[in-house]
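Structure first, commentary second.
Counting starts at 1 for both ligands and their atoms, in listed order. Residues take their numbers from the sequence shown, with the count starting at 1. Note: hydrogens, waters and symmetry copies are ignored here, and every other heavy atom, side chains too, is used.
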Amino acid sequence: MPLNFDLHAHSNVSDGLLSPADLVAYAAKQGVDVLALTDHDDVSGLAEAQAAAAAHNIAFINGVEISVTWKKRTLHIVGLNIDPDNVALKNALALVRIARDKRAQQMGEGLAKAGIADAYQGAKRIAQQSIITRVHFARYLVEQGLVKDSKSVFKKYLVKGKPGFIEHQWMDLEQAVNLIIQSGGTAVIAHPGRYDLGSVNMLQLLHEFRAYGGVAIEVVTSSHTPPQYQQFAKLAHQFSLKSSQGSDYHGKGLSFMEMGRLADLPAGCVPVWQDWPQFAQT
Ligand code: AMP
Ligand code: MN
Ligand code: MN
Ligand code: MN
């Protein structure tokens with residue numbers, strides 16, 4: 001049996017529901033052999049997850065998912081095998097989190113104008129110690145009975161043009177890729193099919209990403225349809241990029257799929273883990 005890789009998942013250090021240890025336990029139960037924890041803009045769950053992975057006898061990859069602004073759009077860049085103690089990475093992510101909190105306050109103000117009071121405080125309470133994301137706002141609005149589910153909250157309140165949406169300047173693409181490389185990691189474009197870039201911008205993104213030292217794109221992810229697996233496998237080949245796969249699991253009710261159930265990478269893809277020493281193919 002080939003190893004079951006899941007290289008994209010979230011804990012409650014960002015917008016997932018499970019603690020890092022519980023997420024690892026769940027992944028192990030679902031048959032995942034190699035798990036990467038990739039919380040948004042934060043590496044503070046990695047030590048706990050690593051210890052839990054050792055206890056459950058699965059392999060663990062230190063990861064992160066960095067929010068980036070490129071051509072006025074938000075992109076997500078996953079770093080795999082990063083060093084969670086790397087000072088430059090930690091400092092840069094700390095700044096992202098401070099800006100993220102200011103953004104959340106502005107989101108709260110936007111929602112207040114639309115008649116929804118105390119959303120920042122509500123989202124912060126739900127987030128507890130973690131960063132505040134749009135998912136926490138969605139959970140607050142659902143909890144208050146204002147909207148039926150998280151998906152509808154996004155549509156009605158949290159996407160461009162809606163009262164809780166704030167234009168935000170995240171990290172530059174080049175800086176994110178550099179930080180990942182400097183901390184010993186591999187940079188991967190998360191769920192490229194989600195960005196609605198158009199083909200010219202997509203080609204430009206892949207070109208730039210590769211020029212900065214980016215290595216892989218997610219081909220199989222819960223954000224892609226099977227035809228998109230083929231589409232991005234082809235683009236990966238065209239740009240000599242490797243391919244990654246991940247569920248982007250956030251927890252029950254917040255995810256499009258369970259863990260451990262990903263399709264195989266399409267034939268011809270070079271897996272991002274191909275030259276990782278512990279998984280080197282013989
Ligand atoms: P943020 O980084 O605060 O903008 O939050 C982004 C997170 O919101 C993503 O990582 C997803 O977990 C979640 N998300 C984004 N768009 C949607 C959507 N349309 N429906 C449900 N969740 C979403
Ligand atoms: Mn998320
Ligand atoms: Mn993402
Ligand atoms: Mn994600």
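No side-chain donor from either of Thr186 and Asn81 sits under 3.5 Å from a side-chain acceptor of the other. If you check the side chains of Ser130 and Asn12, you find no donor sitting under 3.5 Å from an acceptor.
Salt-bridge formation is not detected for the pair Glu208/Lys71: no Lys NZ or Arg NE/NH1/NH2 atom is positioned less than 4.0 Å from an Asp or Glu carboxylate oxygen.
Considering all non-hydrogen atoms of both residues, Val24 and His56 come closest at CG1-CD2, 4.3 Å.
The Mn ion (ligand 3) lies at 2.8 Å or more from every N, O or S atom belonging to Asp248. Taking backbone and side chain together, His191 holds an N, O or S atom under 2.8 Å from the Mn ion (ligand 3).
In terms of distance to the Mn ion (ligand 2), the nearest N, O or S atom of Asp15 is named OD2. Looking at His76 and the Mn ion (ligand 3) together, the shortest N, O or S contact belongs to ND1.
Of the options His10, His136, His8, a ring-ring contact (aromatic ring centres under 6.0 Å, His included) to His250 is made by His10 and by none of the others.
Between OE1 of Glu65 and NE2 of His10, the angle at the Mn ion (ligand 4) works out to 90°, rounded to 10 degrees. Expressed to the nearest 10°, the angle at the Mn ion (ligand 2) joining NE2 in His40 with NE2 in His250 is 120°.
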